[in-house]
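Since the structure comes first, as structure tokens, the remarks are kept for the end.
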Amino acid sequence: MAVADTGVTIPPARKTHQVKVTVNGQPREAEVEARILLVHFLRESLNLTGTHVGCDTTSCGACTVILDGKPVKSCTVFAVQANGSTIRTVEGLEQDGKLHPVQEGFHQEHGLQCGFCTPGMLIGALDFLSTNASPTEDEIRVGISGNLCRCTGYHNIVKAIKAAAPVIAQRGTVF
Ligand code: FES
Ligand code: FES
């Protein structure tokens with residue numbers, strides 16, 4: 001511990017790590033402390049604030065992103081664990097000014113109220129649709145059960161995903 005002239009004890013500098021990732025096709029990097037969660041890295045270091053923090057306890061799914069092809073709740077992953085990874089966030093869904101079909105489905109079917117859960121719902125829905133291209137309503141409800149909507153707007157969310165499914169199936173790729 002270094003001691004300043006004033007007698008105030010200065011704690012040692014916190015160790016930081018350079019984290020390099022590819023987000024929505026773009027190489028990005030920032031220096032963070034080892035304690036920083038992936039969701040905070042995305043929001044605060046990379047200014048990608050579409051990914052939300054709803055609980056910080058792995059419950060709500062608002063922070064869901066695709067990490068190396070798999071959905072993760074980014075409040076449960078340290079940024080340093082994602083070093084070298086490929087990440088897809090809600091910001092990467094729109095392409096050339098055109099909404100992704102799942103976004104269009106939420107728009108058409110009014111699949112949101114306050115919209116706080118929506119980024120995680122969209123990403124979760126896409127992961128689900130990658131495993132089931134033509135789901136029933138019941139299957140959709142199970143498929144998005146890791147994402148909570150505090151507005152309880154599940155009815156229209158399910159309709160939105162159901163509406164998006166055939167469009168996504170027809171284009172042959174989820175993302
Ligand atoms: Fe990550 Fe709620 S903020 S699950
Ligand atoms: Fe408000 Fe889902 S639309 S939390």
Side-chain angles (χ1 to χ4, degrees), residues 17 19 21-24 28 30 32-94 99-132 135-165 167-168 174-175:
H17 305 264
V19 174
V21 291
T22 301
V23 186
N24 303 323
R28 302 291 302 270
V32 294
E33 293 175 29
R35 67 183 176 86
I36 295 297
L37 297 172
L38 179 58
V39 66
H40 297 305
F41 174 72
L42 291 169
R43 289 178 55 83
E44 290 153 29
S45 301
L46 304 187
N47 203 26
L48 292 169
T49 54
T51 302
H52 290 169
V53 185
C55 66
D56 250 348
T57 57
T58 331
S59 304
C60 74
C63 63
T64 306
V65 299
I66 303 291
L67 177 67
D68 287 337
K70 293 201 169 67
V72 298
K73 292 180 175 175
S74 58
C75 71
T76 66
V77 179
F78 289 114
V80 291
Q81 291 177 289
N83 188 35
S85 298
T86 298
I87 299 169
R88 194 176 291 265
T89 70
V90 70
E91 287 91 347
L93 296 185
E94 180 193 318
L99 292 179
H100 186 285
V102 77
Q103 293 173 307
E104 196 58 50
F106 273 66
H107 175 62
Q108 295 299 332
E109 300 294 339
H110 307 288
L112 61 137
Q113 293 178 45
C114 77
F116 195 85
C117 69
T118 310
M121 281 287 182
L122 293 170
I123 296 291
L126 286 174
D127 176 66
F128 166 66
L129 289 173
S130 74
T131 64
N132 187 342
T136 64
E137 271 196 35
D138 284 349
E139 287 170 338
I140 293 171
R141 286 180 188 278
V142 172
I144 61 166
S145 57
N147 293 78
L148 303 181
C149 174
R150 289 179 292 183
C151 298
T152 67
Y154 294 105
H155 185 67
N156 282 5
I157 290 171
V158 171
K159 278 170 58 181
I161 296 169
K162 195 149 178 55
V167 183
I168 291 170
V174 167
F175 288 107

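Everything numeric here is computed off the predicted structure, so don't read it as measured data. Both counts, for ligands and for their atoms, begin at 1 and track the order of listing.
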So, is Cys151 placed with an N/O/S atom under 2.8 Å from atom 1 (Fe) of ligand 2, counting both backbone and side chain? yes
Six-ring centre of Phe175, Arg88 cation under 6.0 angstrom, axis tolerance 45°: yes
Where the side chain of Gln103 meets the backbone of His100, is there a donor-acceptor pair that is under 3.5 Å apart? yes
Under a 3.5 Å threshold, yes or no: a donor from one side chain and an acceptor from the other, between Asn132 and Glu139? yes
For ligand 2, is there an atom lying under 4.0 Å from some heavy atom of Gly115? yes
Does Arg35 make a cation-pi contact with Phe78, if we ask for NZ or CZ under 6.0 Å from the ring centre and within 45° of the axis? no
In the protein, N/O/S atoms that are found under 2.8 Å from atom 1 (Fe) of ligand 1, waters not counted: Cys63 SG, Cys75 SG
Would Cys114 count as a contact for atom 2 (Fe) of ligand 2, in the sense that one of its N, O or S atoms lies under 2.8 Å from it? no
Atom 3 (S) of ligand 2 has as its nearest protein heavy atom Gln113 N, 3.2 Å
Distance-only, no hydrogens or angles: does the His52 side chain make a donor-acceptor pair with backbone N or O of Ala62 under 3.5 Å? no
Quick check on Phe128: does its CZ atom have over 12 non-hydrogen neighbours (other residues, nucleotides or ligands) under 6.0 Å away? yes
Apex atom 2 (Fe) of ligand 2; atoms Cys117 SG and Cys149 SG; angle rounded to 10 degrees: 110°
Does Thr89 offer a backbone N or O that forms a donor-acceptor pair with the side chain of Asn24 under 3.5 Å? yes
Run the side-chain contact (heavy atoms from CB on, under 4.5 Å) test against Thr76 and tell me which residues pass, sequence neighbours left out. Thr58, Lys73
Looking only at atom types and distance, does a side-chain atom of Asp68 sit under 3.5 Å from a main-chain N or O of Ser85, one as donor and one as acceptor? no
Among non-hydrogen protein atoms, atom 4 (S) of ligand 2 lies closest to Arg150 N, 3.2 Å
